[in-house]
Amino acid sequence: MIDRRNAVYCALLLALTALADEEDYSMARAAMVDEVKFYAALARDSGEEALNDDVMQSLGTVERHNFVASDQRRFAYENRPIPIGHGQTISQPYIVALMTDLIEPERDFVVLEIGTGSGYQAAILANLVTHVFSIEIIEALADEAKTRLARLGYDNVTTKLGDGYYGWEKHAPFDAIIVSAAASHVPPPLIRQLKPGGRMIIPVGGRFMTQQLLLLEKTDDGEVITRQIAAVRFVPLTRGR
Ligand code: SAH
């Protein structure tokens, strides 16, 4: 009897602790959203006064603590990159928000992401568009992200293991493309797989140096207009699969 009662107490305590954690996380997440808004107003990298409300709402919804390892959870809502293993990082929330804002997501969009990593950027997009296709080159990360996104209910994200340099021909053309790793140049296959009128955001520059975040717009007649947005630091786009 005592054992049973103890078990009930333990279960109750665990449930309460989990609830308290969720509450702490939601407060931390709201504070992160405020920080990103503040940062965006200061930086105005996008040339706009503020980031799109829907983008900010998605940032306020996605549980970033579920995209990092348990020993990194307490840092989950800090406005900085977080290691996700295999020498990779989940991007700074401000940069995720900025990149998402710059593709001007619309409900009916089909978006390609290169560099699934933890799946966080894909989840932010999934709340805003019809479908997200995302490619990751490191097998362990690709597997983890696939399982994580399914577990968290993001059923409009399709992931695959592969070299994102070549895009995903089968599902092209895309309304927008987000590249989450720094390339030495804009991969021509990605330009080809962008719809006329579509936008691509990609960090370009050498390894271990500051890169430029570029916004490419493909006009209706296929011309590409490129704009430099901000100096950034991303892990390199690797090749070879
Ligand atoms: N968007 C991710 C962060 C990604 S970090 C998130 O929200 O967590 C960049 C990711 O790009 C890494 O996971 C890295 O393994 C991956 N990557 C690097 N080169 C790649 C390539 N050629 N194709 C696909 N993914 C690549």
Side-chain angles (χ1 to χ4, degrees), residues 29 32 36 55 58-59 61-69 72-73 75-103 105 111-129 132-149 151-152 154 157-169 171-172 174 176-190 193 200-208 211 213 232-241:
R29 192 160 54 246
M32 179 192 83
V36 168
V55 172
S58 184
L59 208 71
T61 313
V62 178
E63 298 182 329
R64 197 167 185 253
H65 65 274
N66 281 324
F67 291 80
V68 298
Q72 297 289 330
R73 280 190 160 199
F75 309 121
Y77 295 103
E78 291 183 8
N79 186 27
R80 63 173 177 87
I82 297 178
I84 52 171
H86 310 274
Q88 308 304 319
T89 52
I90 176 173
S91 307
Q92 180 190 2
Y94 167 65
I95 293 292
V96 172
L98 177 65
M99 291 173 83
T100 312
D101 182 77
L102 285 165
I103 61 159
V111 179
L112 174 68
E113 184 204 14
I114 309 303
T116 319
S118 66
Y120 179 71
Q121 168 77 76
I124 293 285
L125 282 167
N127 287 334
L128 300 164
V129 304
V132 182
F133 290 97
S134 185
I135 309 173
E136 170 57 52
I137 204 166
I138 297 178
E139 189 163 5
L141 288 176
D143 288 349
E144 273 173 45
K146 188 184 186 127
T147 312
R148 173 179 296 126
L149 287 162
R151 176 169 48 85
L152 297 174
Y154 292 98
V157 181
T158 309
T159 57
K160 80 163 179 180
L161 175 67
D163 184 350
Y165 183 93
Y166 302 101
W168 200 334
E169 190 66 55
H171 301 290
F174 301 99
I177 300 178
I178 289 190
V179 183
S180 299
S184 61
H185 58 275
V186 182
L190 296 186
Q193 292 177 24
M200 174 172 11
I201 183 93
I202 176 170
V204 172
R207 284 165 174 249
F208 313 114
Q211 305 119 11
L213 192 60
V232 286
R233 227 168 222 269
F234 276 77
V235 295
L237 187 81
T238 53
R239 303 293 313 282
R241 196 176 288 268

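When a ligand or atom number is given, it counts from 1 through the structure's own listing order.
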For residues Ser91 and Gln121, determine if any side-chain heavy atom of one lies less than 4.5 Å from a side-chain heavy atom of the other.
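The answer is no, as the side chains (C-beta and beyond) never meet within the 4.5 Å cut-off.
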Row check, Phe75 ring normal vs Arg80 NZ/CZ: under 6.0 Å, within 45°:
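Satisfied, under 6.0 Å and within 45°.
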Just by distance, with hydrogens left out, do Asn66 and Arg151 show a side-chain donor and acceptor under 3.5 Å apart?
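Arg151 and Asn66 do not have a side-chain donor-acceptor pair below 3.5 Å.
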Looking only at side chains, do Glu136 and Thr116 share a donor and an acceptor under 3.5 Å apart?
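No, because no side-chain N or O of Glu136 sits under 3.5 Å from a partner of the opposite role on Thr116.
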Considering residues at least two apart in sequence or located in another chain, which fulfil the ring-ring contact (aromatic ring centres under 6.0 Å, His included) criterion with His86?
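Not a single residue meets the ring-ring contact (aromatic ring centres under 6.0 Å, His included) criterion with His86.
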For Ile84, is there any backbone N or O sitting under 3.5 Å from a side-chain donor or acceptor partner on Gln72?
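Not at all, since once roles are kept as given, no pair shorter than 3.5 Å links the two residues.
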Find all protein N or O atoms under 3.5 angstrom from an N or O atom of ligand 1 and list the pairs with distances, or write 'none'.
unit_1: ligand 1; atom_1: 1 (N); unit_2: Glu113; atom_2: OE2; d: 2.9
unit_1: ligand 1; atom_1: 1 (N); unit_2: Gly115; atom_2: O; d: 3.0
unit_1: ligand 1; atom_1: 1 (N); unit_2: Ser180; atom_2: OG; d: 3.3
unit_1: ligand 1; atom_1: 7 (O); unit_2: Gln121; atom_2: N; d: 3.0
unit_1: ligand 1; atom_1: 8 (O); unit_2: Ser118; atom_2: N; d: 3.0
unit_1: ligand 1; atom_1: 8 (O); unit_2: Ser118; atom_2: OG; d: 2.6
unit_1: ligand 1; atom_1: 13 (O); unit_2: Glu136; atom_2: OE1; d: 2.7
unit_1: ligand 1; atom_1: 13 (O); unit_2: Glu136; atom_2: OE2; d: 3.3
unit_1: ligand 1; atom_1: 15 (O); unit_2: Glu136; atom_2: OE2; d: 2.6
unit_1: ligand 1; atom_1: 19 (N); unit_2: Thr238; atom_2: N; d: 2.9
unit_1: ligand 1; atom_1: 19 (N); unit_2: Thr238; atom_2: OG1; d: 3.3
unit_1: ligand 1; atom_1: 22 (N); unit_2: Asp163; atom_2: OD1; d: 2.8
unit_1: ligand 1; atom_1: 22 (N); unit_2: Thr238; atom_2: O; d: 2.6
unit_1: ligand 1; atom_1: 23 (N); unit_2: Gly164; atom_2: N; d: 2.8
unit_1: ligand 1; atom_1: 25 (N); unit_2: Ile137; atom_2: N; d: 3.3

